[in-house]
Amino acid sequence: MIRNKKNQRRKGNSKKDKGWVVKNNRPEEDLGNPLLYYTDEEVEKYSRSGGMRRAQEKIAYRVLELLELDSGKSLLDIGSGPGYTAEVYCSEGYNVTCMDLIPKMISKSKEKGFEAYVGDMKDVGKLFEGRKFDGVVSVSALQWIKGKQEIQRIA
Ligand SMILES: C[S@@+](CC[C@H](N)C(=O)[O-])C[C@H]1O[C@@H](n2cnc3c(N)ncnc32)[C@H](O)[C@@H]1O
């Protein structure tokens with residue numbers, strides 16, 4: 001969203017009209033399917049973006065604060081992308097496993113040395129059947145999941 005100053009002026013800056021307009025729709029709303037959005041080009045763009053890296057790192061540190069899990073424990077990072085959040089968990093001493101729907105994202109995580117799997121988070125139970133993790137985390141990925149039924153498949 002951007003603050004639309006022109007629009008705000010035209011409408012007299014009334015308190016009722018906040019003058020907010022949506023600049024771009026979010027890809028998860030526009031496309032609905034991450035496979036359509038994360039083309040090879042988009043994966044490259046994302047995995048080279050300093051801004052995205054910094055944003056993911058910041059959230060990952062907050063996740064660790066909220067999780068209150070001792071260092072050395074195992075974490076499953078769902079929708080791990082190229083591994084920005086995983087790198088933070090790893091640097092803080094956690095044993096991280098990555099999983100993501102997009103094979104190219106998983107290749108990037110593997111290049112960084114992570115144990116990483118391609119899979120749909122809706123099938124996470126099946127994919128990791130018999131395995132135990134001390135924590136399961138996900139940053140900026142769950143917005144792709146729609147509806148109660150899909151959410152229940154992950155929870
Ligand atoms: C913003 S990106 C990556 C965020 C990641 N925390 C990081 O550090 O870069 C969101 C990721 O969620 C993944 N994703 C979206 N829907 C998914 C699904 N159903 N199963 C697994 N991964 C999914 C996308 O492929 C994408 O890599």
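Whatever order the structure lists ligands and atoms in, that order sets their numbers, starting from 1. We count residues from 1, following the sequence as given. Since we're looking at a predicted model, the values are computed, not measured.
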For the residue pair F128 and F133, categorise the inter-ring angle as parallel (less than 30°), tilted (30 to 60°) or perpendicular (more than 60°).
->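 Rings of F128 and F133: perpendicular, over 60°.
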Looking only at distances, please establish whether an N/O atom of ligand 1 is found under 3.5 Å from an N/O atom of [X].
X: M121; value: yes
X: D77; value: no
X: Q56; value: yes
X: I102; value: no
X: T85; value: yes
X: P82; value: no

Taking the six-membered ring for Trp, are the ring centroids of Y89 and F114 within less than 6.0 Å of each other?
->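 Aromatic pair excluded; centres sit 6.0 Å or further apart.
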Nearest option to atom 19 (N) of ligand 1, as decided by whichever heavy atom of V88, D120, V137 sits closest |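 Considering heavy atoms of V88, D120, V137, the nearest to atom 19 (N) of ligand 1 sits in D120.
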Member of K104, K108, M52 meeting the side-chain contact (heavy atoms from CB on, under 4.5 Å) criterion with P82 =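 So the option named by the test is K108.
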Could you go through the side-chain contact (heavy atoms from CB on, under 4.5 Å) check for L76 and S138 one step at a time?
-> CA-CA 8 Å; L76 174 63; S138 185; over 6 Å; no
Please identify which atoms of ligand 1 are closer than 4.0 Å to at least one heavy atom of [X].
X: G81; value: 3 (C), 27 (O)
X: G119; value: 20 (N), 21 (C)
X: A141; value: 12 (O)
X: Y46; value: 1 (C), 2 (S), 3 (C), 4 (C), 7 (C), 9 (O)
X: S140; value: 1 (C), 10 (C)

Would you say D100's side chain and G81's backbone share a donor-acceptor pair under 3.5 angstrom?
->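 Yes; judged by distance alone, with no hydrogens or angles, the pair exists.
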Looking only at heavy atoms, is any part of S80 under 4.0 Å from ligand 1, and if so is it the side chain, the backbone, or both, or is it neither?
->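 For S80, the contact with ligand 1 is made by the backbone alone.
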Mind checking whether W144 contacts ligand 1 via backbone (N, CA, C, O), side chain (CB onward), both or neither, at a 4.0 Å heavy-atom cut-off?
->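 For W144, the contact with ligand 1 is made by the side chain alone.
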Stepwise, does the side-chain contact (heavy atoms from CB on, under 4.5 Å) test hold for Q56 with E87?
-> CA-CA 10 Å; Q56 294 298 308; E87 285 179 281; over 6 Å; no
Mind running salt bridge (Lys or Arg N to Asp or Glu O under 4.0 Å) on R53 and E57 for me, showing each step along the way?
-> CA-CA 6 Å; R53 169 186 283 281; E57 286 174 349; 3.3 Å; yes
salt_bridge(E29, K146) N-O dist < 4.0 Å =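 Between K146 and E29 there is no salt bridge, as every charged N stays at least 4.0 Å from the carboxylate O atoms.
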